[in-house]
A.B. asks: 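Can you keep this structure in mind? I'll have questions shortly.
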Amino acid sequence: MASTEPEHEHREDEEAPAGEDEDTGAQVAPIVKLEEVAVSTGEEDEDAILDLKSKLYRFDKDGNQWKERGAGTVKLLKHKESGKVRLVMRQSKTLKICANHLVLPTMSVQEHAGNDKSCVWHATDFADGELKDELFCIRFASVENCKTFMEMFQEVAESQESKEENEDATVAADALEKLSVEGKKTEENAGEEAPAATKNEETKTDADKKGEKPAPST
């Protein structure tokens, strides 16, 4: 008795190709080998004395309005050797620098009018690769964080003032000491030249005496 199954089904089974996703067990080496590279942030010689999440704004004088600079972490970094402190803020995702300037004794931070979670200050900023006078406004998630930032900022500014006064005093003391040494050398040189001048005067006096004629006798 003849089979009732279609002949084309048998042909499909015989001619069916091997699956394309079949694992052959072969291992393929990567074309490019990537090596781990150490990334320098420029903060290796500094210690973070403040680290808070915030959102930063700068005042656009041309548009007469506040413009957002980015949301991220604001830090106060103290240099291990010089003791100078700078404010640095980076955007959380791109790590782009929003603010980068030293905290100077002439700076002061004030609460932003109408918002106790924000504060403002002036600074000569270097975030864009050139020095610019900026008016910054920073906003925190809580009033406590804003107060912490303001207190630390003001404390650092005052400490930098004391440091500058000490540096000025040291420079003045070095200058006075240098003047004293130079004055002493001048006096010594004057003392060495004095006998020579006296000797010259004595020689001149003797010559004058020799040139005098005796008075005529009567």
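All figures in this text were calculated on a predicted structure; none of them were measured in a lab.
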A.B. asks: For W121, does its backbone N or O pair with a side-chain atom of E134 as donor and acceptor, under 3.5 Å?
C.D. replies: no

A.B. asks: Is there a side-chain contact between F140 and V74 in this structure, where contact means two heavy atoms from C-beta onward sitting under 4.5 Å apart?
C.D. replies: yes

A.B. asks: Assess the residue pair I138 and F153 against the criterion (side chain to side chain contact (heavy atoms under 4.5 Å, CB included)); give the C-alpha distance rounded to whole Å, side-chain angles, the decisive distance to 0.1 Å, and a yes or no.
C.D. replies: CA-CA 12 Å; I138 194 167; F153 191 105; over 6 Å; no

A.B. asks: So which heavy atom on M89 is nearest to which on G70, and how close?
C.D. replies: CE-O, 3.5 Å

A.B. asks: Is there a path of hydrophobic side-chain contacts, each under 4.5 Å between heavy atoms of I/L/V/M/F/W/Y residues, joining F59 to Y57?
C.D. replies: yes

A.B. asks: Rounded to the nearest 0.5 Å, what separates atom CE in M152 from atom CG in L87?
C.D. replies: 12.5 Å

A.B. asks: Where do V85 and Q160 come nearest, in terms of heavy atoms and distance?
C.D. replies: CG2-NE2, 3.8 Å

A.B. asks: Do side-chain atoms of Q154 reach the backbone of Q110 as a donor and acceptor pair under 3.5 angstrom?
C.D. replies: no

A.B. asks: To the nearest 0.5 Å, tell me how far K80 NZ sits from E44 CD.
C.D. replies: 9.0 Å

A.B. asks: Treating D125 as the side-chain partner and N100 as the backbone partner, does any N or O pair qualify as donor plus acceptor under 3.5 Å?
C.D. replies: yes

A.B. asks: Taking the basic N atoms (NZ, or NE/NH1/NH2) and the acidic carboxylate oxygens, is any pair closer than 4.0 Å for E46 and R86?
C.D. replies: yes

A.B. asks: Test V156 against L50 for side chain to side chain contact (heavy atoms under 4.5 Å, CB included), laying out the working first.
C.D. replies: CA-CA 11 Å; V156 168; L50 184 72; over 6 Å; no

A.B. asks: About how many Å separate NE2 of H79 and NZ of K84, when rounded to the nearest 0.5 Å?
C.D. replies: 9.5 Å

A.B. asks: Looking at K61 and D133, does any basic side-chain N land under 4.0 Å from a carboxylate oxygen?
C.D. replies: no

A.B. asks: Between M107 and L102, which heavy-atom pair has the shortest distance, and what is it?
C.D. replies: CE-O, 3.0 Å

A.B. asks: Can you tell me how far CG of L77 sits from CG of D47, rounded to the nearest 0.5 angstrom?
C.D. replies: 8.5 Å

A.B. asks: With no hydrogens and no angle check, is any side-chain donor or acceptor of N115 less than 3.5 Å from a backbone partner on K117?
C.D. replies: yes

A.B. asks: Are there over 12 heavy-atom neighbours, none belonging to E81, within less than 6.0 Å of that residue's CD?
C.D. replies: no

A.B. asks: In Å, rounded to the nearest 0.5 Å, how long is the span from OG of S54 to NZ of K75?
C.D. replies: 12.0 Å

A.B. asks: Hey, does W66 have a side-chain heavy atom less than 4.5 Å from the side chain of L135?
C.D. replies: yes

A.B. asks: Grouping I, L, V, M, F, W and Y whenever their side-chain heavy atoms are under 4.5 Å apart, do V109 and L52 come out in a common cluster?
C.D. replies: yes

A.B. asks: Over all heavy atoms of both residues, which pair between H101 and F136 is shortest? Give the atoms and the distance, please.
C.D. replies: CD2-CE1, 4.1 Å

A.B. asks: Return the minimal non-hydrogen interatomic distance between L76 and V103, and the atom names on each side.
C.D. replies: CD2-CG2, 4.1 Å

A.B. asks: As a test of understanding, state which of K96, R58, R69 forms a salt bridge (charged side-chain N to carboxylate O under 4.0 Å, His left out) with D128.
C.D. replies: R69

A.B. asks: List the atom of S92, the atom of L95, and the distance in Å for their closest heavy-atom pair.
C.D. replies: O-CD2, 4.1 Å

A.B. asks: First locate atom NZ of K147, then atom CE of M150, and finally report the distance between them rounded to the nearest 0.5 Å.
C.D. replies: 9.5 Å

